[in-house]
Trainee: 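Right, I'll just put the structure down here and ask away after.
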Amino acid sequence: MQVFSSLNVALTGLKTQLARIQTISHNISNAQTEGYSRQDVTVESNVPHDLTRVQIGTGALLKKVRRIVNESLEKRLQSSISDKEKNSQLSSVGIQLEQAVDPLGENNLQADLSAFFDSLNALVSSPTDSSLRTLSIQSASTVADRIKDLGVKLTEMRRTLNDELKALVSEVNRFTSEIADINNEIVNAESGGIYSKSANDLRDQRGVLVTELSKLLDIKTVETGQGALNILSNGAYLVVDAASFSLGTKDEVNNQALVSKLIINSSTGFFDPKSGQIGGIIFARDGLIQTTQRDVDNLANSLIREFNKVHAEGRGTEKITELLSEKGVLNTTSALSVNGTVSKDSTKDSIISSSLIGLPDLSEREVIILSGQNILERRNIIGFDSTTGTLVLEKPLEKAMQIGDTFQISELDMSVKNGSFDIIVENNATQTISTFNIAVDLDKSVTGSTITDTTLTSLAAGITAATSSVVTASITNDGKLKLKSSSDTFSFRFANDTSGVLAGLGMNGFFTGTDASDIGINNKLLNNEALFATSADISGQDSANLQKLVNLQDANAVNGQATFQEFFGEIGQVVTSLSAKVQDKAGSSSLLVEQLQNERDKISGVNIDEEGVRLLQSQHAFIASSRLISVVDEMIRTLLTSV
C-alpha cells in the first residue's frame, strides 16, 4: 500500500508543478496586457496518513490560483487617477484662459483701453476736430470689439466643454453597463462566493473598466460577499450587482451658453462629481471660465453704464431734436424698478429683503442682481412672501446671496433708483435755455394693491407735461421711449441725472448693450461723429462733458473699487495665478499616479526574469516528480515479479 501511496504523492507533485508552469506561462503571455495582475499558485500539504505513532505525508494539494493585488493600493490608485484627470483638465483650461485673456500681451484689452483714453485726451484741446472725434469713436469701437471677442471666446470654451461632457456621459454609461455584466459573470464563475476571488481574469477585466471609469469621475467601490463590485459616485450608486444606473443630462441656458447638468437614472436631483475628467469639466465650465466671464461682463457693464451716464448729459456739435432709447420695457405700466438690498442670508433659490415687506405681489417679474458673486444674473420670480420680503426664484443662483448684496426688480439691466434728471431745452432762435426737472419716483410707494412708482408711461407723460409739449415723449410699440422737439427751433439735452434712468434706457448713449456678449457703439455715433456728446453748453464747442469722460480713466468705476484698467489687470492676475496653480497640481498629481503605478507594478506586475526563474524551479520539480514516478513504477514491477 505504501508503494501506491508514493505513486499518488508523485502524481500530486506533477499536478501542482503543471499548474505552476501553466500559471507562469499565463503570466509571461500577459506581461504587457493592460491591467493584468500577476497570478500565483497556492499549494498546501495534503492530509497525511496517520500510522498511530507517525504521520506519513501524502503529497501536495493545489488549493487555488490567486491574483497578487493590494486592494488598498488599488483604491488609492483609482482615487489618484481621478484627481490627475481633473487637474489635467483644469490645467488645459487654465492655459486656454490665459491665451484668451492675454494678460501679458502687448495688444490686449488693457492696451486698447489706454489707446482709447489717449484719444479722448487728444480730443480735449480740439473738441470740434472731426477727424479726432472719429478716431476716438473708432478707438472705443476697438475696445468694444475686444471685449466682445473675449466674451465670445469664453462662451465658446464653455460650449466646447459642455459638448465634451455629453460625450463622456455616454462613456460612463458604457463602462458601468460592462462592469455590471462582468459582475454577473464573476458571481456565476465563483458560484456566488463559494469559490471566492477565483475568477482572476474576469476580475482583471473589471479592474481595467473601473480604472477607466475612475478617469471620468470620482468613485468608491464596495465588493459584496458574492464577488460583485458595487460602485458609487457622489453618494449615488452607478452599479449594484448586475444592474447599472445611467447618467443623463438636463440642459439649461447660462451666460449665453448651453449648460448640461448631470442627472442619474432620470431623477430630478442633479449629480455633481467632484473629480475625474467630468468633475474637472464641470469645475472649469462653471467655476474657472464662468468666474472669468462674469468679471469680463462686469467690466463691460461698468464701462457701458459709466460712459452712458456721462454721455447722456452732453451734446455734440450737432443739436439733438429727436432721440430714441436703445432699451425698452414690455410692461410700460409697471414701476421701472423696485430696488432692494439683501437683509438676511438667503438660499440659492430665494432672496430676502426687509425693504420688500408689505409690497404687493411681485411674482412674474424679473430680478437682476447688481452686486455680489451673482452680479448681472437675472431670474424670474415665481413666488413672493410680502410678510418676510422673500422672493422665490424660478431657477437657483450660482451662489446664495449675502447680506448687503443689491438687486432690482426691473426689465432694465442698469441700476435705476429714486431721483430725477433735468431736460435742458435750447431755443436756437433766441439762444435761451429752459431747464425742466423730471422726477423719477422709485421709493416703493403703494396705494391699495399697486406700487405707484414711476412707470415708462408716467415718465413719458411727465416729460411732455413738464416741457409743455416743447419736447413730446411717446412710447414705441416695442416699449422704447421716444423724445422729439416740437420744431427744429428747439433742441434738448440732459443734465443732473441722479436716478440712472437715462443710462438705464440708453438715452443718448455712447455704448450699447449690457455685457460682453453684446457691447457695441451707438450706431448714430458711428455714422455721425457730430453726435459725440463732448460739450455741456449751448454752443456745442466746449469740452466740458468730454473731460468728464476722460476723468473716468482714473475713477473707481467698477464696483466702486477699481478703474477699468485696474480691474482688467486683476482679471489677468487671477487667471495667471489660477493657471499656474492648476498646472502645478496637474504635475503633482501625475507624479503621484506614476509613483503608485510603479508600486503596483512591483506587487502585481509581471517580471519576466523572475517568472523565468520560477519556471526553471517548477521544471526541475516536475522532472523530480517524474523520476519519482519511474522509481515507484520500477518498485511495483519488482514486487509483481517477486510474487
Side-chain angles (χ1 to χ4, degrees), residues 119-120 123-138 140-141 307-328 420-438 459-460 462-476 480-497 499 501-512 520-550:
S119 71
L120 294 180
L123 183 60
V124 169
S125 57
S126 303
T128 60
D129 187 317
S130 61
S131 61
L132 291 178
R133 293 168 69 86
T134 300
L135 181 62
S136 291
I137 294 170
Q138 290 175 343
S141 182
F307 263 81
N308 285 359
K309 283 168 62 176
V310 174
H311 194 269
E313 297 186 358
R315 55 157 290 184
T317 55
E318 182 178 301
K319 299 179 185 296
I320 301 172
T321 58
E322 185 175 335
L323 269 182
L324 178 67
S325 68
E326 181 207 344
K327 299 175 183 177
S420 65
F421 64 91
D422 293 334
I423 292 184
I424 301 174
V425 177
E426 301 172 358
N427 188 320
N428 303 320
T430 63
Q431 297 293 296
T432 56
I433 295 176
S434 301
T435 301
F436 305 95
N437 184 257
I438 309 298
L459 179 64
I463 292 172
T464 301
T467 62
S468 300
S469 298
V470 172
V471 176
T472 302
S474 59
I475 300 174
T476 63
K480 293 182 178 181
L481 180 64
K482 183 178 181 180
L483 303 182
K484 186 175 182 179
S485 58
S486 57
S487 71
D488 291 341
T489 303
F490 299 99
S491 60
F492 59 89
R493 57 189 173 88
F494 306 106
N496 304 318
D497 183 11
S499 67
V501 73
L502 298 176
L505 289 170
M507 298 296 293
N508 193 30
F510 185 85
F511 287 104
T512 59
I521 304 298
N522 189 333
N523 279 329
K524 289 186 176 180
L525 297 183
L526 291 172
N527 297 326
N528 184 4
E529 49 78 22
L531 295 176
F532 184 11
T534 53
S535 175
D537 68 13
I538 194 171
S539 70
Q541 308 295 305
D542 69 303
S543 60
N545 207 52
L546 175 61
Q547 188 60 56
K548 292 180 181 180
L549 293 174
V550 170

Trainee: Less than 4.5 Å apart, any side-chain heavy atom of T321 and any of F490?
Mentor: no
Trainee: How far apart are the closest heavy atoms of D129 and S131, and which atoms are they?
Mentor: OD1-OG, 2.5 Å
Trainee: After noting the C-alpha distance and the side-chain angles of F492 and I424, does the key distance pass the side chain to side chain contact (heavy atoms under 4.5 Å, CB included) rule?
Mentor: CA-CA 5 Å; F492 59 89; I424 301 174; over 6 Å; no
Trainee: Checking side-chain polar atoms at under 3.5 Å, does N545 have a donor or acceptor matched by the opposite partner on E313?
Mentor: no
Trainee: Hey, does R133 have a side-chain heavy atom less than 4.5 Å from the side chain of T317?
Mentor: yes
Trainee: Where the side chain of T467 meets the backbone of I463, is there a donor-acceptor pair that is under 3.5 Å apart?
Mentor: yes
Trainee: For residues S136 and L123, report the shortest heavy-atom separation together with the two atoms involved.
Mentor: OG-CD2, 3.9 Å
Trainee: How long is the gap from CG on D497 to CG on L502, to the nearest 0.5 Å?
Mentor: 4.0 Å
Trainee: Please verify the inter-ring angle class for F532 with H311; under 30° counts as parallel, over 60° as perpendicular, anything in between as tilted.
Mentor: parallel
Trainee: With rounding to the nearest 0.5 Å, note down the distance linking CD1 in I423 to OG in S434.
Mentor: 12.0 Å
Trainee: State the NZ-CG distance between K548 and L546, to the nearest 0.5 angstrom.
Mentor: 11.5 Å
Trainee: Measuring from E529:CD to L135:CG, what's the distance to the nearest 0.5 Å?
Mentor: 11.5 Å
Trainee: Minimum heavy-atom separation for I438 and A466, please, with both atom names.
Mentor: CD1-CB, 3.5 Å
Trainee: Measure from the side-chain N and O atoms of N496 to the backbone N and O of D422, and report whether any donor-acceptor pair falls under 3.5 Å.
Mentor: no
Trainee: Quick one: pull up NZ in K327 and CG in L505 and give me the separation to the nearest 0.5 Å.
Mentor: 9.0 Å
Trainee: With a 3.5 Å distance limit and no angle check, can you tell me whether N522 reaches the backbone of N508 through a side-chain donor-acceptor pair?
Mentor: no
Trainee: Using the side chain to side chain contact (heavy atoms under 4.5 Å, CB included) rule, take Q138 and T134 through it: C-alpha gap first, then chi angles, then the decisive distance, then the call.
Mentor: CA-CA 6 Å; Q138 290 175 343; T134 300; 3.6 Å; yes
Trainee: If you look at every heavy atom in Q541 and S535, which pair is closest and at what distance?
Mentor: N-OG, 3.8 Å
Trainee: So does L481 get a backbone contact from the side chain of S325, meaning a donor-acceptor N/O pair under 3.5 Å?
Mentor: yes
Trainee: Any side-chain heavy atom of R315 within less than 4.5 Å of one from E426?
Mentor: yes
Trainee: Show, in sequence, the C-alpha distance, side-chain angles and deciding distance for S543 and T534, and conclude whether the side chain to side chain contact (heavy atoms under 4.5 Å, CB included) test is met.
Mentor: CA-CA 5 Å; S543 60; T534 53; 5.6 Å; no
Trainee: Is a side-chain N or O of T464 found less than 3.5 angstrom from the main chain of A473, in a donor-acceptor match?
Mentor: yes
Trainee: Give the minimum heavy-atom separation between S469 and S486, together with the two atoms involved.
Mentor: O-CB, 3.7 Å
Trainee: State, with a plain yes or no, whether a side-chain heavy atom of L525 is found less than 4.5 Å away from one of F510.
Mentor: yes
Trainee: How close do L324 and K524 get, counting heavy atoms only, and between which atoms?
Mentor: N-NZ, 4.4 Å
Trainee: Under a 4.0 Å N-O cut-off, is there an ion pair linking E322 with K482?
Mentor: yes
Trainee: Does a donor on one side chain and an acceptor on the other come within less than 3.5 Å for S491 and N428?
Mentor: yes
Trainee: In sequence, state the C-alpha distance, the side-chain angles, and the governing distance for K484 and V471, and then conclude on side chain to side chain contact (heavy atoms under 4.5 Å, CB included).
Mentor: CA-CA 5 Å; K484 186 175 182 179; V471 176; over 6 Å; no
Trainee: Is it the case that the side chain of R493 and the backbone of V425 share a donor-acceptor pair, with hydrogens and angles ignored and the cut-off at 3.5 Å?
Mentor: no
Trainee: Should the pair F421 and F494 be assigned to parallel (<30°), tilted (30 to 60°) or perpendicular (>60°) ring geometry?
Mentor: perpendicular
Trainee: Between CG of L531 and CG of N523, what distance do you get to the nearest 0.5 Å?
Mentor: 12.0 Å
